[in-house]
Amino acid sequence: MIDGRVSRRSVLMGGAAIAAWSASPVSAMLRRIDPGKDAGTIDKLIAQMTLEEKAGQLNLLASAWGGGIATALNPPGGNSDFPKQVADAVAGKLTGVFNGNGAAMAMQMQRAVMSGSRLKIPLMFAADIIHGHRTIFPVPVAEAASFEPELAERTARVAAYEAAGSGVDWTFAPMVDIARDQRWGRTMEGAGEDVVLGCLFAAARVRGFQGSSLDADDAMLSCAKHFAAYGAAEAGLDYSTVDVSERTLRDVYLRPFKAAFDSGALSTMASFNEISGVPSTGNHWLMTDLLRGEWGFKGFVVSDYTGDEEMIAHGFAKDRRDAARIAFLAGVDMSMQSGVYTEHLPSLVRDGAVPQALLDGSVRRVLAMKAKLGLFDNPFRRIDLKREKSRSRLPASLALAREAAVKSCVLLKNDGNLLPLSPSATIALIGPFGSVGQDLNGPWVVYGDNKQAIDLPAGIRTAMKGRGRLTVVAGSGVESAIPGGIEAAVAAARGADVVLLAIGESEAMSGEAKSRTEIVMPAPQQALAEAIAATGKPVVVLLRNGRALALEGAVKAAPAILVTWFLGSEMGNGVADLLFGAASPSGRLPMSFPIASGQEPYHYDHKPTGRPNGPGKLQEYKAHYQGVPNEALYAFGHGLTYGDMRYSNLVIDAPTMAWGGSLGVTATVTNAGRVAAEEVVQLYIRDRVASVTRPVRELKAFRKIRLAAGASAQVMFKLSRAELEFIGMGLKPTVEPGTFDVWIAPSAQADGVHSTFELGAA
Ligand code: BGC
């Protein structure tokens, strides 16, 4: 095993580099480091390091390859000189680079460091592998709509297999921020508004990225981000202030992080935002007391892109030196992109402003991680030009992308069973997203290519197999009208049996820094929809979106609406599978679609207030907006199938859950439709009276079941006391005896079947 690695490495490194690496005393010392047992060995290395070399291990930069194309994904970074970056790496001034250009680049840098640097500490290569590397899977929020965490684990596994195959050791994912305000563009990157769903997807993605062992050549270190509460930005404005109680922080925003860490994530990224006056990057309570103290986190913390330096703009640090000091003392081990650590940590230690032991602690954590990733054993473990190609876009990976695409779509509405369509129909595919090859992958893809993805016309044509007829007309741009576009689209609609209206948001409209004030259809597309509706032809809306939208007019009134997000490599095939009934829709909304933008932030698990309006008629002096019900248009958990699912007969094992016991809650679910379908059966509770007010409903569990036409199943959930916990007055998990509502239902707003039970006294 060792021999095999050495010989492959010799081929890759070339004689000089391998000779230098093998002869280096550090190599002998570190080759078989087990960071758990051999902390002493790492300490010996630390003892040999200068303060500058230590600071270098805590400095991560965007790759300068290709004139700094990596920084095109972020604000300009200033590092575009690759030869200089390699020289800096050899001089020990950086720990690694991110969003570089694959194995060739990594090889060049690692070779230079392993042959030319004083201590020969391998570089670590990072990247934003958010939802796939070369094979692009649905954007994370879409995948969450599958309500199948195991699917996300499988797609993350393939992402790691491809990315690690091309030199990536560390991914800046998963993003586990709860998003309750759809104006925020980064909703697209997470798992939506719900805590339980968020925790399950966070844990699954970590398992997928990291595989069974971090030192495997198909595993990447994962990074749970953005710590913390980044999604709670005031008014959904990206980077903006967060002011949230510690109770809500613990009850909602922190829980997916804990789940990610419990699942093995060994790095986390400080969020850009402040929380109640303290920027996360400078928040000692968050990064040290809670994360390391209370939670016992053993990994390392990286700042977000220039997040440390940005504390100057926050008005929290007076200059770059102050920013370095504050971030480091708060517990941020590594600085991303600003360079403030290399610039100032050595002198801060010399001046006594930062204790040397703290610096050594951070360096130890980073080196231990490099050892865990197997880099000291073989610095070229993941860098392999052949493997980079041979692992890319394999048929099995694309098949998984198609499965994920199918499972991510959510059928909001299907009046008169308009869907599925006959492949022999005459179809007009209208709208800016019906035209070729754009906005398929989504906004957060570093290595995927939209040109390689299957677009809607291609997918639909393949499924039609020459039967029927497909006409494609844009009709409108995404945010601007096309002269004569509506006329051409209306003519195409008139000549068709059915219209597929592919409208929504472009990649440029969601993601980082893409907050919107009105989450509605852009005006030119709304005008197109109105004109098409006026033809009287049946319309299936195919929504392209990275967030929930407030649907209006003809879009809202269309008989069928399918949420198709950004589905990646197999978008066209996945959507076609659903359109023609090769598969039945099974996705569920991971966030509520409001009636109006002004309802945001909106989440189904809101508090009742002292003047609840309740469902139905708006009442004077009750909590509601003028003229708009409090409900969502389509609530969290909603999604139709081609079956017809009915819920009946809720049975609870016993009227009372004993303090130390559990309770079985069972419902009968029947598919009264004519085709087999998958149903996501959801269990919600409400704690009626508690010492801290509780939400009107909370998801506690769900199960996806497949039911043949006409079949029924008894779906049983076990509830225990732990699931009834909340963060109580002392900011500790609390459970109180009393009455609980329980629903088994097809969405957070559906009645389903309902009952109550008591939790007995301790
Ligand atoms: C984002 C992070 C990302 C980083 C590096 C930042 O702007 O907030 O999520 O990992 O850039 O690309």
Side-chain angles (χ1 to χ4, degrees), residues 183 185 418 421 425-443 449-451 453-461 464 468-511 513-547 549-567 571-572 575-576 579 597:
R183 290 171 294 181
L418 177 56
L421 303 175
T426 299
I427 299 173
L429 174 58
I430 293 171
F433 301 103
S435 359
V436 208
Q438 54 170 18
D439 300 293
L440 301 158
N441 283 342
D449 184 353
N450 262 316
K451 291 199 199 77
I454 307 287
D455 58 27
L456 290 181
I460 292 170
R461 282 205 175 93
M464 290 175 88
R469 199 155 59 81
L470 180 74
T471 322
V472 181
V473 182
S476 163
V478 177
E479 293 184 90
S480 54
I482 299 175
I486 290 192
E487 291 72 14
V490 164
R494 289 215 170 97
D497 302 330
V498 61
V499 174
L500 299 176
L501 193 58
I503 52 175
E505 295 185 321
S506 64
E507 287 175 346
M509 291 173 72
S510 63
K514 305 294 185 207
S515 300
R516 297 182 68 194
T517 52
E518 302 287 330
I519 52 171
V520 294
M521 194 60 63
Q525 296 187 68
Q526 187 69 39
L528 174 67
E530 302 298 338
I532 297 299
T535 65
K537 293 289 177 176
V539 173
V540 178
V541 171
L542 301 177
L543 275 188
R544 187 80 46 105
N545 54 323
R547 54 159 65 79
L549 297 173
L551 308 177
E552 299 174 315
V555 181
K556 183 176 172 180
I561 306 174
L562 186 69
V563 176
T564 70
W565 321 99
F566 301 96
L567 296 175
M571 176 141 201
V575 171
L579 288 178
S597 302

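All values reported here derive from a predicted model rather than from experimental measurement.
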Just so I know, are the side chains of L500 and V539 near enough to count as touching, which here means a heavy-atom distance under 4.5 Å? no
Can you check whether V563's main-chain N or O pairs, donor with acceptor, with N545's side chain at less than 3.5 Å? no
List the atom of G546, the atom of F566, and the distance in Å for their closest heavy-atom pair. N-CE1, 3.6 Å
Roughly how far apart are N450 CG and L440 CG, rounded to 0.5 Å? 5.0 Å
Close side-chain approach of L543 to L562, heavy-atom, < 4.5 Å: no
Under 3.5 Å, side chain of T535 to main-chain N/O of I532, donor-acceptor pair present? yes
Where A529 and A554 come nearest, the two heavy atoms and their spacing: O-CB, 3.6 Å
Might you work through the side-chain contact (heavy atoms from CB on, under 4.5 Å) test for V541 and M521, ending with a clear yes or no? CA-CA 12 Å; V541 171; M521 194 60 63; 5.7 Å; no
Rounded to the nearest 0.5 Å, the CZ atom of R461 sits from the CG atom of D455 at a distance of 9.0 Å
L429 and P457, any side-chain heavy atoms less than 4.5 Å apart: yes
Taking the side chain as every heavy atom from C-beta outward, state whether M509 and P522 have any atom pair closer than 4.5 Å. yes
Salt-bridge criterion met for E505 and R516 (N-O under 4.0 Å): yes
Less than 4.5 Å apart, side chain to side chain, heavy atoms only: is that true for L542 and F433? no
Can a donor-acceptor pair be found, under 3.5 Å and without considering hydrogens, that links the side chain of R183 to the backbone of E518? no
Flag the pair E507 / Q438 as yes when at least one side-chain heavy-atom distance between them is below 4.5 Å, and no otherwise. no
What is the minimum heavy-atom distance between A492 and I430, and which atoms define it? CB-CD1, 4.5 Å
Measure the spacing between NZ of K451 and CG of N441 and express it to the nearest 0.5 Å. 11.0 Å
Give the C-alpha distance, both sets of side-chain angles, the deciding distance and a yes or no for side-chain contact (heavy atoms from CB on, under 4.5 Å) between M571 and I454. CA-CA 6 Å; M571 176 141 201; I454 307 287; 6.0 Å; no
Less than 4.5 Å apart, any side-chain heavy atom of L421 and any of D497? no
Whether D439 side chain and S506 backbone form a donor-acceptor pair below 3.5 Å: no
What are the two closest non-hydrogen atoms of P432 and S476, and how far apart are they? CB-O, 3.4 Å
Interatomic spacing from CG in L418 to CD1 in I561 - rounded to 0.5 Å: 11.0 Å
Between T426 (side chain only) and R469 (backbone N and O only), is there a donor and an acceptor less than 3.5 Å apart? no
Over all atoms of both residues, closest heavy-atom pair of S597 and V520: OG-CG1, 3.8 Å
Step-by-step side-chain contact (heavy atoms from CB on, under 4.5 Å) determination, Q526 to V555: CA-CA 7 Å; Q526 187 69 39; V555 181; 3.6 Å; yes
On a heavy-atom basis, the closest approach of L567 and T564 is CG-O, 3.0 Å
Among V499, L470, V472, whose side-chain contact (heavy atoms from CB on, under 4.5 Å) with I427 holds? L470
Pairwise side-chain contact, Q525 with V478, heavy-atom cut-off 4.5 Å (strictly under): yes
Under the side-chain contact (heavy atoms from CB on, under 4.5 Å) rule, what do I503 and R544 come out as? Steps first, then yes or no, please. CA-CA 6 Å; I503 52 175; R544 187 80 46 105; over 6 Å; no
